[in-house]
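Following: one structure in structure tokens, then a few remarks.
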Amino acid sequence: MKILFMGTPDFALPTLRELCLAGHEIVGVVTQPDKPKGRGHHLTPPPIKVFAIEKSIPVYQPLTLRGEEFEQTLKSLDPEMIVVVAYGKILPQNVLDYPKYGCVNVHGSLLPEYRGAAPMQRAIIDGKTVTGITTMLMAAGLDTGDMLLKCEVEIGENDNFEDIHDRLSEAGAKLLVKTVEKLEKGEITPEKQDDSKATYAAKIEKSDCLLDFSLDAKTLHDLIRGLSPIPLSFTHTPDGKLLKVVESRIFDAEKTVKALPGTVLSVGEDIKVVCGKGILSLLTVVPEGKGRMSAADFVRGRKIAEGALLR
RNA sequence: CGCGGGGUAGAGCAGCUUGGUAGCUCGUCGGGCUCAUAACCCGGAGGUCAUGAGGUUCAAAUCCCAUCCCCGCAA
């Protein structure tokens, strides 16, 4: 199959890799332009570009897919199918319509739930125990296309975003390859999404990341792991310094303590914090201006004491 | 030239503003107490204070200069 691949971050990497291994002809890779990244704002190529160059696949980084220029590119490559995984731009109708087998997208949720930008994070934050991958034929709306194949992935009680991200990106790669095979043989009947059951997973905002200890321990734990290791949830120590939380555990889900939520109950190997309901144990943190360290190390540096209020 | 923090004992840090004996919480080793312990008490080992036969000074972890490295934010 002559496939044009469109994707940008690490999440898309396994899919491109598996497509290559499956022996498909990747006629080109479309990815976002290099962007200033990291300390010093050096221009950094997206992971997909790095991989494509290694494999000697032609790379295209158009500023826009609209207009003559990309239309010409598309015609010259003449793909039979376009595979899109976390590309980061909206595909215009003329692109959607071009390939014989259509544009197939890998989405990190069990559609129609969690359409949108941050399906994995939102599923964890909501405390879901199962999520998955859906492949679909892309349509004009946001993640509204007809569904092709699905596979489920369990979310463990302490799994974080990274765990789920890695698991789903691998699962997505396998499912996509399978989808391509079956689609080519005409073995899939696309299934319409039930719009009435659709939910939307909005992009993570900074305001989503502030820990509100008046919530219960389970909710906070889910938020912390859903945002870890990026962008990380945060609170503030009494001196006003930022304190990000990388890893937590529910110490006690039910116990209510007569103290202001956010109060540090004890320090030692972990930092136990009073919540609206229950007690949360912080295990790994990132203090302002520092790197990640265990709660025990943070405590040894005498950066926090029993009775301190986090807010 | 995006903004900022930092490099001091195995770990996490203080000390630097106002130069003058290397300090804290842990860990580690030895001893003690205890029915017992990750608890408690006593004692010890362990540091070129990132680098520079740099600058200033009677004297530099501390002030000045240069270089290297690490990290957070922002994107």
Side-chain angles (χ1 to χ4, degrees), chain A residues 6-13 30-51 59 61-65 85-90 116-122 125 160-162 165 201-212 220 223-249 251-252 263-273 279-311:
Chain A
M6 305 177 79
T8 303
D10 287 320
F11 185 77
L13 219 41
V30 178
T31 191
Q32 295 271 8
D34 296 4
K35 286 187 178 161
K37 256 191 161 182
R39 238 166 268 129
H41 277 189
H42 297 299
L43 219 52
T44 309
I48 284 294
K49 178 182 180 180
V50 176
F51 180 88
V59 174
Q61 297 177 281
L63 290 173
T64 175
L65 301 181
V85 188
Y87 170 52
K89 282 190 196 307
I90 304 288
M120 297 179 271
Q121 294 95 319
R122 295 291 177 192
I125 291 169
N160 67 16
F161 170 53
E162 185 175 42
H165 170 281
K203 197 172 110 185
I204 304 291
E205 302 287 346
K206 181 117 183 169
S207 56
D208 294 320
C209 303
L210 178 62
L211 294 169
D212 174 2
L220 287 161
L223 181 67
I224 288 166
R225 60 200 180 94
L227 300 176
S228 179
I230 38 171
L232 289 178
S233 54
F234 63 92
T235 183
H236 302 274
T237 46
D239 58 7
K241 293 269 177 68
L242 200 65
L243 182 68
K244 298 199 162 195
V245 181
V246 178
E247 194 182 6
S248 63
R249 288 289 184 274
F251 178 71
D252 192 312
T263 301
V264 173
L265 203 59
S266 72
V267 295
E269 284 308 300
D270 65 352
I271 300 170
K272 291 190 177 67
V273 186
I279 297 166
L280 192 66
S281 162
L282 311 183
L283 299 184
T284 312
V285 297
V286 180
E288 180 174 325
K290 288 290 181 180
R292 124 182 352 200
M293 65 178 73
S294 68
D297 281 345
F298 185 63
V299 170
R300 275 187 207 106
R302 298 173 140 198
K303 289 300 187 183
I304 196 160
E306 191 179 317
L309 185 66
L310 301 175
R311 58 205 166 95

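Model, not experiment: these values are computed from the prediction. Here is the naming used below: chain letters follow the sequence lines, and residue numbers restart at 1 for every chain.
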Exercise. Using the C1' atom in both, what is the distance from B:A14 to B:G7, to the nearest Å?
Worked result: 15 Å

Seminar exercise, completed: Here the distance between atom C1' of B:C1 and atom NE2 of A:H42, to the nearest Å, is 10 Å

Problem set entry | Whole angstrom value for the distance that separates P of B:C26 from CZ of A:R300 | 9 Å

Problem set entry | C1' spacing across the pair B:C40 / B:C35, given as an integer number of angstrom | 16 Å

Exercise. Taking atom C1' in both B:C68 and B:C26, what distance in whole Å separates the two?
Worked result: 30 Å

For this session: Could you tell me which residues satisfy salt bridge (Lys or Arg N to Asp or Glu O under 4.0 Å) with A:R249, sequence neighbours excluded, listed by chain and number?
Result: A:E247

For this session: Under the salt bridge (Lys or Arg N to Asp or Glu O under 4.0 Å) rule, collect the residues that match up with A:E269, sequence neighbours excluded.
Result: A:R300

Problem set entry | Same-atom distance (C1') from B:G20 to B:G15, integer angstrom | 14 Å

For this session: Check A:R122 against A:A201 and note the closest heavy-atom contact, atom names and distance.
Result: CG-CB, 3.5 Å

Exercise. How many angstroms lie between atom CG of A:L227 and atom CD1 of A:I125, to the nearest 0.5 angstrom?
Worked result: 4.5 Å

For this session: Once you apply the 3.5 Å cut-off to both distances, tell me the Watson-Crick or G-U wobble partner of B:G43, or none.
Result: B:C29

Exercise. Taking CG from A:L243 and P from B:G5, how many angstroms apart are they, rounded to a whole number?
Worked result: 19 Å

Exercise. Got a sec, which residues hit side chain to side chain contact (heavy atoms under 4.5 Å, CB included) with A:A308, two or more places apart in sequence or on another chain?
Worked result: A:P238, A:V264, A:I304

Problem set entry | Selection residues 285-294 of chain A - residue pairs positive for salt bridge (charged side-chain N to carboxylate O under 4.0 Å, His left out), sequence neighbours left out | none

For this session: Give none if B:U56 has no partner; otherwise give the nucleotide forming a Watson-Crick or G-U wobble pair with it, both distances under 3.5 Å.
Result: none

Exercise. Considering Watson-Crick and G-U wobble pairs with both distances under 3.5 Å, what does B:C68 pair with?
Worked result: B:G7

Exercise. Expressed in angstrom and rounded to an integer, what is the separation of A:E269 atom CD from B:U25 atom P?
Worked result: 17 Å

Exercise. Expressed in whole Å, how much space separates the C1' atoms belonging to B:A53 and B:U48?
Worked result: 14 Å

Exercise. In whole Å, what is the span from the CG atom of A:D297 to the C1' atom of B:G10?
Worked result: 11 Å

Problem set entry | P-based separation of B:G55 from B:U62 [nearest Å] | 14 Å

Exercise. Expressed in angstrom and rounded to an integer, what is the separation of A:I304 atom CD1 from B:C24 atom P?
Worked result: 23 Å

For this session: Determine the Euclidean distance between corresponding P atoms of B:G12 and B:C71; express it in Å to zero decimal places.
Result: 13 Å

Exercise. What heavy-atom pair brings A:L223 and A:L210 nearest, and what distance separates the two atoms?
Worked result: CD2-O, 4.2 Å

Exercise. Once each nucleotide of nucleotides 69-75 of chain B is scored for protein heavy atoms under 4.0 Å, what B/S/- sequence comes out, 5' to 3'?
Worked result: --BBSBB

Problem set entry | salt bridge (Lys or Arg N to Asp or Glu O under 4.0 Å) against A:D34, all qualifying residues, sequence neighbours excluded | A:K49

Problem set entry | Rounded distance in Å between the C1' positions of B:G10 and B:A45 | 12 Å

Problem set entry | A:K241 NZ - B:G4 C1' separation (whole Å) | 12 Å

